[in-house]
There are 8 protein chains.
Amino acid sequence: MSKVSIVMGSDSDLEIMSQAAKVLEEFGIEYEMKIISAHRMPDIFFDYAKGAKDRGVSVIIAGAGGAAHLPGMCAALFPLPVIGVPIHTKTLSGVDSLYSIVQMPSGIPVATVAINGAKNAALLALKMIAIDNDGLLDKLAAYSENMKDEVSKKCEKIEKIGYKEYLKSMQ
Amino acid sequence: MSKVSIVMGSDSDLEIMSQAAKVLEEFGIEYEMKIISAHRMPDIFFDYAKGAKDRGVSVIIAGAGGAAHLPGMCAALFPLPVIGVPIHTKTLSGVDSLYSIVQMPSGIPVATVAINGAKNAALLALKMIAIDNDGLLDKLAAYSENMKDEVSKKCEKIEKIGYKEYLKSMQ
Amino acid sequence: MSKVSIVMGSDSDLEIMSQAAKVLEEFGIEYEMKIISAHRMPDIFFDYAKGAKDRGVSVIIAGAGGAAHLPGMCAALFPLPVIGVPIHTKTLSGVDSLYSIVQMPSGIPVATVAINGAKNAALLALKMIAIDNDGLLDKLAAYSENMKDEVSKKCEKIEKIGYKEYLKSMQ
Amino acid sequence: MSKVSIVMGSDSDLEIMSQAAKVLEEFGIEYEMKIISAHRMPDIFFDYAKGAKDRGVSVIIAGAGGAAHLPGMCAALFPLPVIGVPIHTKTLSGVDSLYSIVQMPSGIPVATVAINGAKNAALLALKMIAIDNDGLLDKLAAYSENMKDEVSKKCEKIEKIGYKEYLKSMQ
Amino acid sequence: MSKVSIVMGSDSDLEIMSQAAKVLEEFGIEYEMKIISAHRMPDIFFDYAKGAKDRGVSVIIAGAGGAAHLPGMCAALFPLPVIGVPIHTKTLSGVDSLYSIVQMPSGIPVATVAINGAKNAALLALKMIAIDNDGLLDKLAAYSENMKDEVSKKCEKIEKIGYKEYLKSMQ
Amino acid sequence: MSKVSIVMGSDSDLEIMSQAAKVLEEFGIEYEMKIISAHRMPDIFFDYAKGAKDRGVSVIIAGAGGAAHLPGMCAALFPLPVIGVPIHTKTLSGVDSLYSIVQMPSGIPVATVAINGAKNAALLALKMIAIDNDGLLDKLAAYSENMKDEVSKKCEKIEKIGYKEYLKSMQ
Amino acid sequence: MSKVSIVMGSDSDLEIMSQAAKVLEEFGIEYEMKIISAHRMPDIFFDYAKGAKDRGVSVIIAGAGGAAHLPGMCAALFPLPVIGVPIHTKTLSGVDSLYSIVQMPSGIPVATVAINGAKNAALLALKMIAIDNDGLLDKLAAYSENMKDEVSKKCEKIEKIGYKEYLKSMQ
Amino acid sequence: MSKVSIVMGSDSDLEIMSQAAKVLEEFGIEYEMKIISAHRMPDIFFDYAKGAKDRGVSVIIAGAGGAAHLPGMCAALFPLPVIGVPIHTKTLSGVDSLYSIVQMPSGIPVATVAINGAKNAALLALKMIAIDNDGLLDKLAAYSENMKDEVSKKCEKIEKIGYKEYLKSMQ
C-alpha cells in the first residue's frame, strides 16, 4: 500500500501542512511527517529524499516558503511525484514561494498547488494513488459528492432565508 | 495500461503542448490529443471530461493561456489527476495563466507546472503512472541518468576547452 | 421585466456580493441569489447557467476569488451579459481573481469590475437593462445626482470647518 | 435601434480598436468611431460624452493605454454602459491600462475586458443590446455555434492527422 | 503670492492629504482644500480645475486611489503644475493608484510622488514656488537643516546608548 | 532667466533623454545636458548637484534606469525641484526604475513622470517655471491648443474616410 | 581585525537592523552602528562612507526601505563589500526596496539579502571576513551545526508526538 | 591565494556567466568554471559544493534562472560566501530567478546581484577577497578610477558636441 511523506523545512509551516495530514487520515492513507531543511541539514535531507522510495513512499508533499527549494530538491532525488505547497510569506505574500516551486527546469517537475494549498496537495496525492486503486477512487467520489451536498445546502438556505438572515447566521 | 489525455483550448497552444506528446511517445505511453474549448463548446467539453475515465484515461494534461479555465474545469469533472500547463501570453507573460490554474479552491486540485512546461507535465504524468508500474519507473531512472550524463559532458567540455571556445561552438 | 442573477461559489463571498443585492433592491429590480460552485457541482452549475435565460434572467453577476472560473463559465453558457466580480484573496490580494476573470479568450467576454466591486456590478447591470428602459434610466440619473450632492456637501463642510475639525468629526 | 460609439484617445490604438468595428459590422449594428482625448481636448471630450445619449448611442466602447482615463471619464458623463479596453503598453504590458480602467470607484462602473480585447468589447456590447432584442440574440447564438464548429473541426483534424502533420499545416 | 490647491475625490483620503496642508501651514503658504470627484461630479470638477488659475492657484496637489483619474484630469485642464499623490488601496496596495497617476500620455505630465506621499507633495509644491521666491527657498533650506539635525541626534544617541537602550526608548 | 539641467548616468539613456532637450529648445529655454553617474563618480556628482543653483539652474531633470539613484540623490543636494524619468529596462521593464525614483522618503520629493517620459519631464519643468513667467505660460497654452488640433484633425479624418482607409494611410 | 559597519537611514529600521548587531556580538566581531541618511544629510553620509575604510571597516551592512539608495551610495564610496538589506514597506511590501538595492548598474555591486534579512546580512559579512580567518570559519561551522541540531530535534519531536501535540506545544 | 568558482546549471547561462570570468581574468584571479545542475545531478553537485573549500575556492558565483536553486544549495553546502546571479527568463523576466535566489531563509545567506549581473558578481567577489588583500584593493581602486574617467569623457563629449552629434556618433 502506498505511503505519503509530508515534509517541511520549519515548524512555522506546520499549521498549514497539518491540513494535508488531516485529509490523509480521513482517507486512511498511511503517511510520515518530517521537519527537514534542505538548506540547514543537506546531508540528512539527501538521505531522507533518496531513501523515501525504499520506505514505501509513493508521493512526497513538500511545503516551503520564500526561496522555497525543498520541493524542487525532493524532485531531484525522489523518482516518483513530488507535490509542492508554496507557503504564504509576510514580505512577498507567497509569490516568491510560488515562483521558486513552480518554475522548475525541464526534466524535474514539481506538481504545484495553490499558495497554502496543503489540503489540495493531499487530495492530489490521493488522486495519484487512485490511478491504480479503485477503492480509493470510490472514496474520492464520495468525498466529491459530499462537497457538492454542502454547497447545495448553502444554496438552498440562502434561497430560503435570504442573504440578510444568512449573513447574520454566519457571525 | 494507463492512457494520458492531452487537451488544449486552441491550436495556438499546440506547439508547446506537442512537447508533452513527444515525451509520452518516447516512453511508449498511449495518449489522446484533443483541441476542446471549455468556453466555446462547454457541452462537448463536459462529455470529454466526464467520459475520459471510461476511455481509459489516467491523467489529463491540460494547457491553457489567459483566463485559463480548462485545467480547473477538467479537475471538476475528472476524478483522477489533472496537470495544468500555463501557456505564455503576449500581454501578461503567462502570469495570468499561472494564477488562473494554480490558485484552485479547496477540494479541486490542479497539479501545476511551469509556464510553457508541457515537457515537465508529461514527465509528471509518467511519475504518477509509475507509482504502480515498476517498468516505467526503470525507464524514468534511465531518463534521469541520461540527463545527468548530458550535463556532465558539457561540464567536461567547458573544463577542457574553456568558455571562449565553448561559446564559439554554441553559435 | 428583466431579472438579475447573483451567483457566487462560496458563502465566504456573500458579504461582498450582498452589496449587489442591496443596490438591486434599492432600484426595485427583481433578482435571484445563488451559491453554486462550477468546480464542486459542475452539473448543477450547468443547469443553472443554461436555464437562466428561461428563468427570465437578463444579466448574471458572478463573484469569485482565486482561480475564479465562475464568471467565465457563466459566459460560456449564458447568452446575455455576464458581469464578473473579482473577490479579494488573502494570498494574492485578488490579482489572481482579477486576471482569471478579465483575461477571457476571444469570443467569450466577461464584463469585469474592480476587486470587491459588487456594488458597481449591480449598477452596471442596471445600466445594461436601462438601454431599453427609460424609467430605470431616470432612476439612475437620480442616483448619480444624489452621489454628486453627497460629495458636494462634504466639500462645503471641509471648506467651512477646515480639515482639523473634519477629521475629528470622522472619528 | 441602438448605436455603439467606439472611441480612443490616439490613432495608435486604432489597429486594436478596429477589431470592435469589424464585429459590429458583421452583426449589422450601427456605430460611430472617434479619436478624442480626454486629456488633450477635455472640452470636446465633454461634449462628446454628454451628447452621446442624444445621438442614439446605447453603449460606449473606449480603448486606452497607460494612465487610461478615457473609459472612466466616459462613465462619469454617459448614463448607459461603458466598456473599457485596456491597450497593451510597451513599458508595463498593459497592467497600467488594466488597473486604470478596472479599479473604478464605487458608483461609476466600467465594464472591463481583457488587455487588447476589443473584439470581446464589441461582443459584450451586442449582448447588452440583445437583452431587449431577440433578433440580435439569435445572431449571437449563431455566432457561438460557428465558434464551436471551428474548434470542433480543429479537434477532428488533429485526431485524424496527428500533431506533427497539424503543426506542419500551420506554418 | 502663490496659492496651492489641495483636492481629493473622497474624504477617505483626507487623513493622508491633510499632511500636505500641515506642511503648507508650517511654511505660511496659502492654500484651499476641496473634496471634488472627477467621476461623481464632472461639471463641478471642470469648473474647479478651469477656474483654479484665476483663483490664484499656482500648483494643484491631487490625491486619488484606485483608478485615480483626478490628478490626470486636473493636468488636462489646469495649465500650471499638478502633483499627484497615489493613495494606498486595500486591494492593490496603491500600485493601481500609482500606475493610474504616473503613466500619463505625452503632453500632459503629472508630477507623481510616493504612495501616500502627501507631505512630499507639499514640499515639492514649495520647491516649485521657490524657483522665483528666495524667501521661501531660505525657509526650505532651514527645513532641510532641521531634518539633518534630527537624524544627527538619533545617530549620536545610538552611538552613545547602543541599540538595546535605543529600542527600549522607542517603545 | 531660469535654466534647466538635464542629467543622466549613462549615454545609453541619451536617446530617451534627448526628447526633453528637444522640448526645451522648442520653447527657447536654456539648458545644460550632462552625463554624470552618482555611482561611478560620486565626487563629481556632488559638485554638479551642489553647484547647480549657482549656475542658474531652476529645475533638474534626471533620467535613470534600474536601481535609479540619480534623481533621488539630486533631490538630496539641490534645493529646487528635481524631476525623475524612470528609464525602461530590459529585465524589469522599468518597474525597478519607477519604484527607485518615486518611492522617496519623507522630506526629499522627486517629481516622477512616466517610464521613458522625458518629453513630459520637460513640459513639467516648463510648467514649474511658468508659475512666475506669463510669457512661457502663453507658449504652453499655444502648445496645448496645437495638441488639441492635431487630435481633432485625426478625428475628422477617421469620421471622413473610415478606419479601413485610415489604417492603410498609417502604414 | 575586521570591523563591520551597520548603517540605516532612519530609526524605524532599527528593530530589523539590530538583528545584524546581535549576530555580530554572538561571534565577537567588532561593529559600529549608525543612523545616517544619504538623502537628508548627504555631506555627513559622504564623510561616513569615505572614511569607513580608515576606521577599520571591512564590510558595510546598509538597511533601507522604499527608494532605498543608502546601500548603493555606500557601494559608490566604499571600496570593500557592501551588503544591502531591503526593509519591508507598508505600501509595496519591500519590493520597492528590493529593486532599488539589487538592480545596481554594472561596476557598483551591492550584495543583496532577503527583505528584512538583517540576520543573514550579518552571517554573510562573517563569511566574507572568514575568507582569511580560519578561527571565524570554525565558529561559523559550529553555528551551522547548531542550526542543524535544532531542526533535527524538531523532526524527532514531531515524529514522536505527532502534529496534533506539536501544534499544541507551539501555542 | 583565493580562487573563485563560477558555476551554472546549464550552458544556456554561459553567455551571461562568462562576463564574470572575463572580469576575474582582467584582475588576474584564478577561477574554475563548471556546468553542474543541482537538479539533474544532485550527487555530483554535492561533491562539487562540499569539496570547493578544499580545492582552494574562497567564493562561489552561481548563476541560475527560473526556480533557481543552485545558489541557495551552494550556500547550504559551502561555508564561505556564495554570490547568486539571477538569470533573465523568457516567461517571467527573471523575477522568478531573483525571488528564488534572494529570499533565502535565516541562516543561509546568498549575496544576490542584479538580474544578469554576472559582471557585478565578479566585482563583488573581488571586493570580498580584497578585505585581506591590499594589492587587489589597489587594482579595484584603479578600476573604479577608470570607470569614472570613461563617464567623464562622455560628459565632456556631450557638452562639446551636443546631443544631436552625440546620438549620431553612437549609431
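It should be emphasised that the depicted structure is a prediction, and the values quoted were computed from it without experimental measurement. Below, each value reflects all heavy atoms present in this structure, side chains not excepted, and no hydrogens, waters or symmetry copies. Within every chain, numbering begins at 1; the chains are lettered A, B, ... in the order of the sequence lines, protein sequences first and strands thereafter.
In this structure the side chain of Thr112(D) reaches within 4.5 angstrom of the side chain of Leu98(D), judged on heavy atoms. You'll find the side chain of Phe45(D) reaches within 4.5 Å of the side chain of Leu77(D), heavy atoms only.
A side-chain donor-acceptor contact under 3.5 Å links Lys157(D) and Ser169(D). If you check the side chains of Tyr31(D) and Glu25(D), you find a donor sitting under 3.5 Å from an acceptor. Using modelled atom types and a 3.5 Å distance limit, the side chains of Thr91(D) and Thr89(D) yield no donor-acceptor pair.
For chain D, the option among Arg40(E), Gln103(E), His69(E) with the highest count of heavy-atom pairs below 4.5 Å is His69(E). Between chain D and the residues Pro105(E), Ala64(E), Gly107(E), Pro42(E), the most heavy-atom pairs under 4.5 angstrom are made by Pro42(E). The candidate from Ala75(D), Ser37(D), Ala38(D) with the greatest count of non-hydrogen atom pairs under 4.5 Å with chain E is Ala38(D). The choice from Ser97(D), Ala76(D), Gly65(D) that makes the most heavy-atom pairs within less than 4.5 Å of chain E is Ala76(D). Note on Ala68(D), Ser10(D), Gly9(D), Gly72(D): by heavy-atom pairs under 4.5 Å with chain E, the leading option is Gly72(D).
Contact annotation for Ser12(D): neither backbone nor side-chain heavy atoms come within less than 4.5 Å of a heavy atom of chain E.
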